[in-house]
Protein chains: 2
Amino acid sequence: MGRVCIALGGHALLRRQSEDTADEMRKSARTGAEKVADIAAAGWEVVVTHGNGPQVGRILLQNQAARRRVPPMPLDVCVAQSQGQIGYMLQTALGDVFYERGMVRPVVTLVTLTGVQTDDPAFRHPEKPVGPFYSEREARRLAKARGYTMAPDAKGGWRRLVPSPEPRSIVEGPVIRDLVAAGVIVIACGGGGVPVIEKGPRLVGVEGVVDKDLAASILARGVDATVLLILTDVKGVYRNFGTEQAELIPALSADDARTMLEAGELGAGTMEPKVRAAVEFVEAGGEGSVIAALEDALAALGGEAGTTISEPRT
Amino acid sequence: MGRVCIALGGHALLRRQSEDTADEMRKSARTGAEKVADIAAAGWEVVVTHGNGPQVGRILLQNQAARRRVPPMPLDVCVAQSQGQIGYMLQTALGDVFYERGMVRPVVTLVTLTGVQTDDPAFRHPEKPVGPFYSEREARRLAKARGYTMAPDAKGGWRRLVPSPEPRSIVEGPVIRDLVAAGVIVIACGGGGVPVIEKGPRLVGVEGVVDKDLAASILARGVDATVLLILTDVKGVYRNFGTEQAELIPALSADDARTMLEAGELGAGTMEPKVRAAVEFVEAGGEGSVIAALEDALAALGGEAGTTISEPRT
């Protein structure tokens, strides 16, 4: 076995169309926790990361709803809150599953900061919509009052756009690595981590969101993981996805995956950053990356499901 | 030197009368961080815990304000969110101070669960007011709809009462101990930790709040701290506090402190749980506890400020 960095999709933790209650979240966390426990039980050292899209969206909405009585917190603080929220649910779910299976594995959740670069072009072109939908009038007011970048949304209404800079480092990486090496299951870098830039001697949180799969790739490198496992709601990488000729690709060389990325064969959807995260991990020296459905987690690690991306053995 | 568990008051992090903005919180966190850095620079191993009263109150208010659009999260989840929020601010403030002083000390924040007992009498008598103030009518509606215990508040209006059970264990204690022993500054057990009870094989979060000083005392034992340092907004334990004869007590034996507690000489205010936390740490084998003002932190550790509670040397 080895050391695996598992990335759980935000929707693997809060299903689409669910009622968004704490009970629903706990059920989803339980499903994810069982898959993580399967992997830990097979002997892997494990670090888990997860998305936070739906959750931080709700926290932003709560901030907005109470704005006249409680000063809204900036996005970086809201991301940290979502790490506490989701980490707590995932951690207790994992604790339950381990306990029921007679396994003793400590589980901890770390607030995690992700280093980004001041000159990242994303800061000049905020493109990622977050938080509530507004009327045009309210949107224009917010743009003026808080300096937000606001834009009409395809779903109707206006939303705030924030930058999504490239992750460069995981501030807590060395500590997480030592914990994982000591057998602790670590939940870290939730929502891609809180983005921070170095400003003189200071790490300053910025209002942006980091792609959670790209952050997982950096995290995997930072903790010396052998494998990056990206779990989502499709079976893996498809050729001709969305057509009648759709075909799951069981294995890809990093070069071939890079070629698909550059040819735009993955579309602009959510698979593109996953494949990029996977390829970059392998190019940086990782043994392999796997993109698979949540339910296939353990099989995928064994190469029996999902799409494995690795350097061809020479 | 040795290992110290530092408990920062919630109001040491968010000053009374402050405007409650993120910037104000950052300024307060910075003040606390400088004191913690002084102690770390003097060679102590450090675990930091903190209150969350004002912060979790605001999160509850935000949950209530958005209740028609986002299902409110239960209190245990809100406590976990507040750990992420405050930990993030304290952690970045500490990172800044270390960096400016040329010190290299990793700082991490852990979501922390505090074990409590199912049969704790507090569960039958919820006494701790939390969250927003309601009209009587709204209070009666909430009592019916959500099963809350509601009561009129001395400040006017009605508030929810939740249990404040005794902390018994810190679930993440062993991991925190190993981190601290490895030189990591750990922020843990924020707001007294998320209270959890063992329910069959499961750890189940409960809607309650744990006193942060009593939790700090258990945390200090769990990480094998030599000293428990409780920082607050008064200079220490006073005889005849609030009168013209008020007199700071520089040192107390655990026995004498216990006697003062039992005689009710500390009033029902916030000093009582601090002294109890301090005494219990010493009675459980800790070398000493110190209760002092935030600004006197390092001097207090050296016995030059605050009130030191210890077993008399025989």
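Sequence lines set the chain letters: A, B, ... in the order given, protein chains first and strands last, and positions in each chain run from 1. Every value quoted in this text rests on a predicted model; they were computed, and no experiment measured them.
Listed options B/R68, B/M73, B/R67 were ranked by heavy-atom pairs under 4.5 angstrom with chain A; first place goes to B/M73. Per-residue counts of heavy-atom pairs under 4.5 Å with chain A were compared for B/V108, B/D96, B/V107; the largest is that of B/D96. Of the residues considered (B/V175, B/L61, B/T92), B/L61 shows the highest number of contacts with chain A, using heavy-atom pairs under 4.5 Å.
Among A/V204, A/V116, A/L75, the one residue that satisfies the side chain to side chain contact (heavy atoms under 4.5 Å, CB included) test with A/P195 is A/V116. When each of A/I176, A/T112, A/T114 is paired with A/L219, the side chain to side chain contact (heavy atoms under 4.5 Å, CB included) condition holds for A/I176 and for no other.
Applying the 6.0 Å contact sphere to CZ of B/R69 captures no more than 12 heavy atoms from other residues, nucleotides or ligands. Applying the 6.0 Å contact sphere to CZ of A/R202 captures no more than 12 heavy atoms from other residues, nucleotides or ligands.
Proximity to chain B is limited to the side chain of A/E172, based on heavy atoms less than 4.5 angstrom apart. Contact annotation for B/I59: only side-chain heavy atoms (C-beta onward) come within less than 4.5 Å of a heavy atom of chain A. Using a 4.5 Å cut-off between heavy atoms, B/D76 contacts chain A through both its backbone and its side chain. Contact annotation for B/Q64: neither backbone nor side-chain heavy atoms come within less than 4.5 Å of a heavy atom of chain A. Interface residue A/L179: only side-chain heavy atoms are found under 4.5 Å from chain B. Within the 4.5 angstrom heavy-atom criterion, atoms from both the backbone and the side chain of A/V77 approach chain B. When heavy atoms are compared at a cutoff of 4.5 Å, A/I187 does not approach chain B at all.
Rounded to the nearest 0.5 Å, atoms CG (B/D23) and CE (B/M25) are 11.0 Å apart.
Residues A/T109 and B/L110 are not in side-chain contact: their nearest non-hydrogen atoms beyond the backbone lie 4.5 Å or more apart.
One finds a salt bridge joining A/R30 and A/E100 here, because a Lys/Arg side-chain nitrogen approaches an Asp/Glu carboxylate oxygen to under 4.0 Å.
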